[in-house]
There are 2 protein chains.
Amino acid sequence: MARQNTVFKEAYNRCLEDLGGKDSLPSEPELGEKYGISRTTVRAILSRMRDTGLITWDKRQKLVLRRPLDQDYFPDEETNSLNEIIEKSFMQRILTGDVEPGMQINEAELAREIGAGATSVREFLIRFSRFGLIEKRPNSHWILKGFTVDFALELCEVREMFELRSATAFAKLPVNHPAWADLDLIEDEHRDLIIDLDSRFKDFSPLDEKFHLLVHKASGNRFVIDFYDVIAFIFHYHFQWNKSQARSRNERALREHLDYIAALRSRDPQEIERACRRHLNSARETLIDALPR
Amino acid sequence: MARQNTVFKEAYNRCLEDLGGKDSLPSEPELGEKYGISRTTVRAILSRMRDTGLITWDKRQKLVLRRPLDQDYFPDEETNSLNEIIEKSFMQRILTGDVEPGMQINEAELAREIGAGATSVREFLIRFSRFGLIEKRPNSHWILKGFTVDFALELCEVREMFELRSATAFAKLPVNHPAWADLDLIEDEHRDLIIDLDSRFKDFSPLDEKFHLLVHKASGNRFVIDFYDVIAFIFHYHFQWNKSQARSRNERALREHLDYIAALRSRDPQEIERACRRHLNSARETLIDALPR
DNA sequence: TAACTGTATATTGCAGGTAAAAAACAAAAT
DNA sequence: ATTTTGTTTTTTACCTGCAATATACAGTTA
């Protein structure tokens, strides 16, 4: 096997989602733009849609013939890119304690177990190394440093430095800066979510990420913003793996966010520092509480 | 071609360096330990030394027959690992303005031009991306963000945050912590170097790196320490590429370091902050002055 | 003329293979 | 009993090749 066609399959599924209620499709470049894919892939999708009788396609004319059925979609697991597969598989090992801190990580073995090529696993590990959880011995194996309390503390220490600075910078943004409008929208989303948190608990993690990323972007510093990737990644898996107290934890975080947002609006540095610190402290606590000891 | 044997060649050369004045060599494991290589490579080295008449080798007995000659050494360019070659070649393009900010970087083209395989170049770019100079468009090319003033300012901003915190932590290290002894040694090296800086200008960059790394390590934070790699990398190339005013620049830095070291010894937080800030400010200035505008 | 389609070409993502280097294992020597 | 050597096995580093995808170019349509 060479490259897999997950880009095609995943975009095909998204196209099907949007197919209902339309009777024709726009031009190829427009579709490419919409789904973030090249015309080559657009044409592959259109070809398949024609072959499965979903549309007719003659040059500019692309007429919808019928609504897509469940069986028209590619199964979910076929739309995950190899990288996502490797990442999930690897994180599962780490978080379930399958691999203990200090242990060696073996590229060849990992590749065999995951069923991927050595190159892909290798590239994944190189990218992953920036999360501070693994370390390379040159010409030899990787070492798992582990998802430990130390790790969480070090992560949160840097986060605090970066986020305090970003929040301070946020307050200095000119009133007409689009970030303020984004903040309004995010605040509304918070208020909506807090009302029926029970049914929409899954929406918390992405909203949390959106809010903090907005704050970090105010730093205008690529290293600060890039580091937020690390935080988001860790918290993403933290939310996924540790569901205990999720409801109360999320509610508390949402309320702290609202307090934090109000502080940003006040533009008062001390008030901002207080609200930011309070939230980051409780985020750190929940992260550390969830770790094995 | 598969893997190259630069580990062997480079270690072989180091062995030759140490060969003079000895009449026998220690055990294989000991040699492996000393040069940071496996026994397999040690044995390859011993084999070659025997074949070229440098030693006799019978089990534990490894007797030196003659001093190594110039022609016994592998030429320098054969001891650079592929990664070093790619890195140098790539940095040359960036720093000579061969590639302008905003331009696309093409893995395949780069690989052809450097004469390396696509995988190696790809892995290099992934590792290199943490320096904040390039960015990946998934399924497509990389973008060069460029060695610009913005880049330097963002880098220095984070450096300041991290180093101030590290320096503060340094002052709190217990008196018997080995870092204080390391600091003594580094101070001595500074005083030695400042005396004949003209003839030993090449020694400045590694000493600078050693000093700042020692400070950063006091943070006890892997993200802070890892980030120092980025700084060291950038300054390394900065020193290499920009020789103008090198002499006065280095002398100033050395004196600032001595002042900074004295401040650390005083353990006075304000004094430390002053000395650290002063040095980081002048480091930032020299970095920015060197950039094209 | 500007946007679109048809087609050709280039690049990326990934697997497979191989020499270099590391690691593991067994036998021998202190 | 521990360390060293001889030998075998495994893994890493790297190149090549191929399908998926992106990009470039030429012809077509509004």
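Every value quoted in this text rests on a predicted model; they were computed, and no experiment measured them. Convention: sequence-line order gives letters A, B, ...; per-chain numbering from 1.
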- First of A:Ser140 and B:Arg60 reached from the 5' end of DNA chain D, by closest nucleotide: B:Arg60
Round to a whole Å and report the spacing from [atom1] of [X] to [atom2] of [N].
X: A:Ile143; N: D:dT11; atom1: CD1; atom2: P; value: 15 Å
X: B:Arg39; N: D:dT4; atom1: CZ; atom2: C1'; value: 7 Å
X: B:Glu28; N: C:dA29; atom1: CD; atom2: P; value: 14 Å
X: B:Tyr35; N: C:dA21; atom1: OH; atom2: C1'; value: 18 Å
X: A:Asp58; N: D:dT28; atom1: CG; atom2: P; value: 15 Å
X: A:Leu46; N: C:dC4; atom1: CG; atom2: P; value: 14 Å
X: A:Glu30; N: C:dT5; atom1: CD; atom2: C1'; value: 15 Å
X: A:Ile37; N: C:dT11; atom1: CD1; atom2: C1'; value: 17 Å

Need one value for [X]: base, sugar-phosphate or nothing, where a base atom within 4.0 Å counts as base even if backbone is also close, heavy atoms only.
X: A:Thr41; result: sugar-phosphate
X: B:Lys136; result: sugar-phosphate
X: B:Lys9; result: nothing
X: A:Thr6; result: sugar-phosphate

Does [X] make a side-chain N or O approach to OP1 or OP2 of [N] shorter than 4.0 Å?
X: B:Gln4; N: C:dA20; result: no
X: A:Lys59; N: C:dC4; result: no
X: B:Ser81; N: D:dA13; result: no
X: A:Ser27; N: C:dC4; result: yes

- Along DNA chain C (nearest heavy atom to each residue), the more 5'-positioned of B:Gly36 and A:Arg43: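 It is A:Arg43, whose closest nucleotide lies nearer the 5' terminus.
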- Item | Whichever of B:Arg137 and A:His141 has its nearest DNA chain C nucleotide further upstream toward 5' | B:Arg137
- Message: Check this for me: does any side-chain nitrogen of one of B:Lys34 and B:Asp18 sit under 4.0 Å from a carboxylate oxygen of the other?
- Response: yes
- Those residues of residues 104-123 of chain A lying under 4.0 Å from DNA chain C by at least one heavy atom: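 Heavy-atom contacts with DNA chain C come from A:Ala116, A:Gly117, A:Thr119, A:Ser120.
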- Query: So which heavy atom on A:Lys62 is nearest to which on A:Pro26, and how close?
  - Reply: NZ-O, 3.0 Å
- Taking the side chain from B:Lys136 and the backbone from B:Ser140, do they hold a donor-acceptor pair closer than 3.5 Å?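 Such a contact is found between B:Lys136 side chain and B:Ser140 backbone.
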- Are the side chain of A:Asn106 and the backbone of A:Glu109 linked by a donor-acceptor contact shorter than 3.5 Å?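 Yes: the side chain of A:Asn106 pairs with the backbone of A:Glu109.
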- Query: So is A:Arg159 actually on top of A:Phe235's ring, under 6.0 Å and inside 45° of the axis?
  - Reply: yes
- Message: A cation-pi test, strictly: NZ or CZ of A:Arg48 under 6.0 Å from the centre of the six-membered ring of A:Tyr12 and no more than 45 degrees from its axis. Yes or no?
- Response: yes
Among [options], which nucleotide sits nearest the side chain of [X]?
X: A:Asn139; options: D:dC15, C:dA21, D:dT3; value: C:dA21
X: A:Ala2; options: C:dC4, C:dG13, C:dA21; value: C:dG13
X: B:Asn83; options: C:dT30, D:dA13, D:dC14; value: D:dC14

- Considering only heavy atoms and no angle criterion, is a donor-acceptor pair shorter than 3.5 Å present between the side chain of A:Thr40 and the base of D:dT23?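 Present.
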- Task: Report yes if a donor N or O on one partner sits less than 3.5 Å from an acceptor N or O on the other, where the partners are the side chain of B:Arg3 and the base of C:dA19; otherwise report no.
- Result: no
- Residue pair B:Trp142 / B:Glu135, side-chain donor-acceptor N/O under 3.5 Å: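 The criterion, which ignores hydrogens and geometry beyond distance, is not satisfied for B:Glu135 and B:Trp142.
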- Query: Is there a donor-acceptor contact under 3.5 Å linking the side chains of A:Tyr35 and A:Glu10?
  - Reply: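 There is no such pair (donor and acceptor under 3.5 Å, judged by atom type) between the side chains of A:Tyr35 and A:Glu10.
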- Item | Identified ring pair (Phe, Tyr, Trp, His ring centres under 6.0 Å) counterpart of A:Phe162 within the set B:Phe223, B:Phe227, B:Phe162 |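 Result for ring pair (Phe, Tyr, Trp, His ring centres under 6.0 Å) with A:Phe162: B:Phe162.
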